Amino acid sequence: MEASMYKTIRCGDVRAGDIGKEVTLAGWVDRWRDHGGVIFLDIRDRWGVVQVTANPELAAAAHETAARLRNEFVVQIRGIVRRRPAGMENPNLATGEVEVESREVEVLNAALTPPFNINEESPVDENVRLKYRYLDLRRERLQKNLVLRHKITKFMRDYLDPLGFIEVETPILFKTTPEGARDYLVPSRVHPGCFYALPQSPQQLKQLLMVAGVERYFQIARCFRDEDQRGDRQPEFTQLDLEMSFVHRDDVLDIIEGLFTELIPAVAPHKKIQQTPFPRLTWTDAMNRYGIDKPDLRFGMELCDASGVFAKSEFKVFQEALKSGGVIKCISVPGCAAYSRKDVDDLMAFAREQGGQGLATVAYTGEGVKGSVAKFVAAGEAAALKQLTGAADGDLILLVADTIMTANKVLGALRLLFRDRLNLADKNKISLVWILDFPMFHWNEEEKRWEAEHHAFTMPKEADLPKIDTDPGSMLSDAYDLVINGTELGSGSIRIHRADIQHKVFERIGLSEEEIRGRFGHLLEAFEYGAPPHGGMAPGIDRLAMVLADEPNIREVIAFPKNQQALDVMADAPSPADPRQLKELHIRLLDER
RNA sequence: GGGGGCGUGGUGUAGCUGGCCUAACACGCGGCCCUGUCAAGGCCGAGAUCGCGGGUCCGAAUCCCGUCGCUCCCGCCA
């Protein structure tokens, strides 16, 4: 019931209890219907729509003004709340029992005809929507998404405060990080040739806050990464950044799990969390069973290792794969045994896109075993495969013979393809799963060096520390991911809090003494002054909102997003800089365009 | 960097095996009519040369080549 200078009641709040009252409304014309005599106006504000009547016999001037109104005009209306005549109520409207009989209608601002309809959810070319983002945001869909985001961040703050967390802001102008994504750079005017970097995350800063004795920190933090866009990636995005001191892994997991277990029903009651406590998978299990480190557990179709079944296979491709240390893995696709040659060819093309060599199929039809490798499959093998996968007649087995990495990747991608094609995942289910025990390092073949799988601040498993010089590839770390419906919601880890271990890890990933000192001197020094053991996590708020709002795209949950080319088409950013500005910044442009 | 899809009035689509397209339909827009509608209704009307450039052809929105833009995916995203 917020009153203001312009309105005594919100449009969406007018109810039967207000009948007889004089009210003043202000809002936008959502629709208007001129019946020759009486004119009906639907006036909209953020809280809803209310019908206003303009009757020439009751208020001639108001009626005259009402006749000139068009969609999206901004108006202020003084009138009396009336019960609608019997039979004229509109049950689709929260305000449908009543209407406002206008006495005065004032145009606060006229409006051009909008480039698309504000009052309905018709599809519109996204470029047009982005150009007129302020109009798109006026529509119900994005209004709802803005409110959802607000509820999410408000819930997070309210949840964490009583647990002793404090929100601390960290700088946007910071320092470039080696490894990781490309940085956005900001040139310094005062220091020619020097640049700030926008943080890819407040990682180092929150660790320094732990050294500072904050113990429990969080921030609704903006992060910047200059990489190519995806449906779930923007150059700038928001995380719930969180860090705790004196914790083991499970302390962090418990806090985060408690937060989401309560948050989701509170802000998205129609969504049901599939399983609490959240299931926990090791990274190795996730890869073996789902072929991916962010499995969607809303459906089965797990990967099976059929290497044993085909150990003595006559099929050359299978023989070769096994001989060279590879595997034969498969998934069973329900009800697709009747796939045509073309259907299967399309799947093969898809498998190749994912990096596979090809795809073999075995179809259990009513008339026996069919499929691309049917003639190489012995009866015993067919039966064993059927038992291994649990396939029924009518199912199609997709087999990949390759390195374990590639087989997992291809089948994991196929599993998701069929999730969407066969509608295997319930929209209103939320599968949240922890992925634990990630490898500490992976080998970068191109650069011929070890890289941190999670990031360089992650604590290796204590027991694996001795292997850092001898066998880094087999080391596990105390890193963890939280996965929601097959999307990485966030990741975190227990951090290194000792300068000697941190230094060792930097060395392992190929940083020189000079680089270590130049880039991380402050951190290593800080660790020498009593750094507590600590760890944390950073769930992505945009991705969470996207899933909870059933949006297919991250742009739908960001007020002013950039398009795939990282352009803001509304403001036309980025744009060329004024030569004077460039000069001040000591920047000369190369002659490319 | 690579691959797929799309690009027709303000918006969404149809047309796209070339000629009947002087480009259709819906919404929106403008005018007129109508005192109870609420996706109001009726009548009338304006509005696109089919992303751009080139080519084939007697003839192209429709075929070919190039190019630009948007989008999805791979690479990339510690």
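All values derive from a computational prediction rather than experimental measurement. Hydrogens, waters and symmetry mates play no part in the numbers below; they use all other heavy atoms, side chains included. Numbers restart at 1 for each chain; the letters A, B, ... are given by sequence-line order, proteins then strands.
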For this session: Determine the contact category for A/Leu58: base if any of its heavy atoms lies under 4.0 Å from a base atom, sugar-phosphate if only primed atoms, P, OP1 or OP2 are that close, otherwise nothing.
Result: nothing
For this session: Could you tell me whether A/Thr458 contacts a base, only the sugar-phosphate backbone, or nothing, with contacts defined as non-hydrogen atoms closer than 4.0 Å?
Result: nothing
Exercise. Taking only N and O in the side chain of A/Gln200, is any of them less than 4.0 Å away from OP1 or OP2 of B/C77?
Worked result: no
Exercise. Which part of the nucleic acid, if any, lies within contact of A/Lys131, taking any heavy atom under 4.0 Å across all strands shown: a base, the sugar-phosphate backbone alone, or nothing?
Worked result: nothing
For this session: Name the nucleic acid region contacted by A/Arg555, choosing base, sugar-phosphate or nothing; use a 4.0 angstrom heavy-atom cut-off, strictly under.
Result: sugar-phosphate
Exercise. What is the nucleic acid contact for A/Ala456, judged by heavy atoms within less than 4.0 Å: base, sugar-phosphate only, or nothing?
Worked result: nothing
Exercise. Among all residues two or more places apart in sequence or in another chain, which pass the side-chain contact (heavy atoms from CB on, under 4.5 Å) test with A/Leu173?
Worked result: A/Val186, A/Tyr196, A/Leu198
Exercise. Do A/Arg33 and A/Gln51 have a side chain donor and acceptor closer than 3.5 Å?
Worked result: yes
Seminar exercise, completed: Reading nucleotides 5-12 of chain B from 5' to 3' and marking B where a protein heavy atom lies under 4.0 Å of the base, S where only the sugar-phosphate is that close, and - otherwise, the string is -----SSS
Seminar exercise, completed: Protein heavy-atom contacts under 4.0 Å, written 5' to 3' over nucleotides 36-41 of chain B as B (base), S (sugar-phosphate only) or - (none), form the string BBBSB-
Problem set entry | Between B/C77 (C1') and A/Asp228 (CG): distance, integer Å | 9 Å
Exercise. Quick one: which of B/C77, B/U71, B/C72 gets closest to the side chain of A/Arg225?
Worked result: B/C77
For this session: Among residues two or more places apart or on two chains, list those pairs meeting salt bridge (Lys or Arg N to Asp or Glu O under 4.0 Å) that have a residue in residues 79-97 of chain A.
Result: A/Arg82-A/Glu101, A/Arg83-A/Glu97
For this session: Would you indicate what A/Glu451 reaches in the nucleic acid, counting non-hydrogen atoms under 4.0 angstrom: base, sugar-phosphate, or nothing?
Result: nothing
For this session: Tell me whether the OP1 or OP2 atom of B/G69 has a side-chain N or O from A/Gln565 closer than 4.0 Å.
Result: no
Exercise. Once you round it to whole Å, what is the distance between C1' of B/C73 and CG of A/Asn553?
Worked result: 13 Å
Seminar exercise, completed: A/Asp30 CG to B/G28 C1', in whole Å, measures 14 Å
For this session: Considering only atom P, compute the distance from B/C58 to B/G47 and round it to an integer number of Å.
Result: 34 Å
Problem set entry | Span that lies between the C1' atom of B/G18 and that of B/C50, in whole angstrom | 15 Å
For this session: Can you sort out the partners of A/Lys427 under side-chain contact (heavy atoms from CB on, under 4.5 Å), two or more places apart, ordered by chain and number?
Result: A/Asp550
Exercise. Between the side chains of A/His503 and A/Glu513, is a donor N or O closer than 3.5 angstrom to an acceptor N or O?
Worked result: yes
Exercise. Does A/His497 have any ring-ring contact (aromatic ring centres under 6.0 Å, His included) partners at least two apart in sequence or in another chain, and if so, which?
Worked result: none
Exercise. Expressed as a whole number of Å, how far does the C1' atom of B/G41 sit from that of B/C34?
Worked result: 8 Å
Seminar exercise, completed: As its Watson-Crick or G-U partner within any shown strand, both distances under 3.5 Å, B/A24 has B/U13
Exercise. If each of A/Lys562 and A/Gln229 is mapped to the nucleotide of RNA chain B with the nearest heavy atom, which maps nearer the 5' terminus, i.e. the 5' end?
Worked result: A/Lys562
For this session: Quick one: label A/Asp226 by what it contacts on the DNA or RNA (base, sugar-phosphate, nothing), any heavy atom closer than 4.0 Å.
Result: nothing
Seminar exercise, completed: Residue set satisfying ring-ring contact (aromatic ring centres under 6.0 Å, His included) with A/Tyr217, at least two apart, ordered chain then number -> none
Exercise. How do A/Asn563 and A/Ser201 order along RNA chain B: which one's closest nucleotide is nearer the 5' end?
Worked result: A/Asn563
For this session: Could you tell me the separation between the CZ atom of A/Phe350 and the P atom of B/G2, rounded to a whole number of Å?
Result: 21 Å
Exercise. Is it true that the side chains of A/Glu551 and A/Asn145 contain a donor and an acceptor less than 3.5 Å apart?
Worked result: yes
For this session: Check the distance between B/C77's P and A/Asp481's CG and give it to me in whole angstrom.
Result: 15 Å
For this session: Using the P atom on both, measure B/A40 against B/G4 and round to a whole Å.
Result: 44 Å
Problem set entry | Within residues 64-77 of chain A, residues whose heavy atoms come under 4.0 Å of RNA chain B | A/Arg70, A/Asn71
Exercise. For residues 409-419 of chain A, which residue pairs qualify under salt bridge (Lys or Arg N to Asp or Glu O under 4.0 Å), counting only residues two or more places apart or in two chains?
Worked result: A/Asp296-A/Arg419
For this session: Determine the Euclidean distance between corresponding P atoms of B/A39 and B/C32; express it in Å to zero decimal places.
Result: 25 Å
Exercise. To the nearest angstrom, how far is A/Arg352 atom CZ from B/G4 atom P?
Worked result: 14 Å
Exercise. If we take the C1' atom in both B/G10 and B/A46, what is their distance in whole Å?
Worked result: 13 Å
Problem set entry | Set of side-chain hydrogen bond (donor to acceptor under 3.5 Å, both in side chains) partners for A/Asn117, sequence neighbours left out | A/Glu120
Problem set entry | Ring-ring centroid check A/Phe224 A/Phe174, cutoff 6.0 Å | no
For this session: For B/C21 versus B/C68, give the span between their P atoms, rounded off to a whole number of Å.
Result: 35 Å
Exercise. How about A/Phe506 and A/Phe520: are their ring centres within less than 6.0 Å of each other?
Worked result: yes
For this session: Tell which nucleotide pairs with B/U56, taking only Watson-Crick or G-U wobble pairs whose two distances are both under 3.5 angstrom.
Result: none
Problem set entry | side-chain hydrogen bond (donor to acceptor under 3.5 Å, both in side chains) involving A/Lys562 - partner list, sequence neighbours excluded | A/Glu236
Exercise. If pairing requires Watson-Crick or G-U wobble contacts with both distances under 3.5 Å, which nucleotide is the partner of B/C70?
Worked result: B/G5
Exercise. What pairs with A/Pro123 under side-chain contact (heavy atoms from CB on, under 4.5 Å), at least two apart in sequence or on another chain?
Worked result: none
Seminar exercise, completed: When rounded to whole Å, the CD1 to P distance for the pair A/Ile554 and B/U71 reads 14 Å
Exercise. Whole Å only: how far is the CG atom of A/Asp183 from the C1' atom of B/C77?
Worked result: 12 Å
Exercise. On a whole-Å scale, what distance lies between the C1' atoms belonging to B/U13 and B/G7?
Worked result: 13 Å
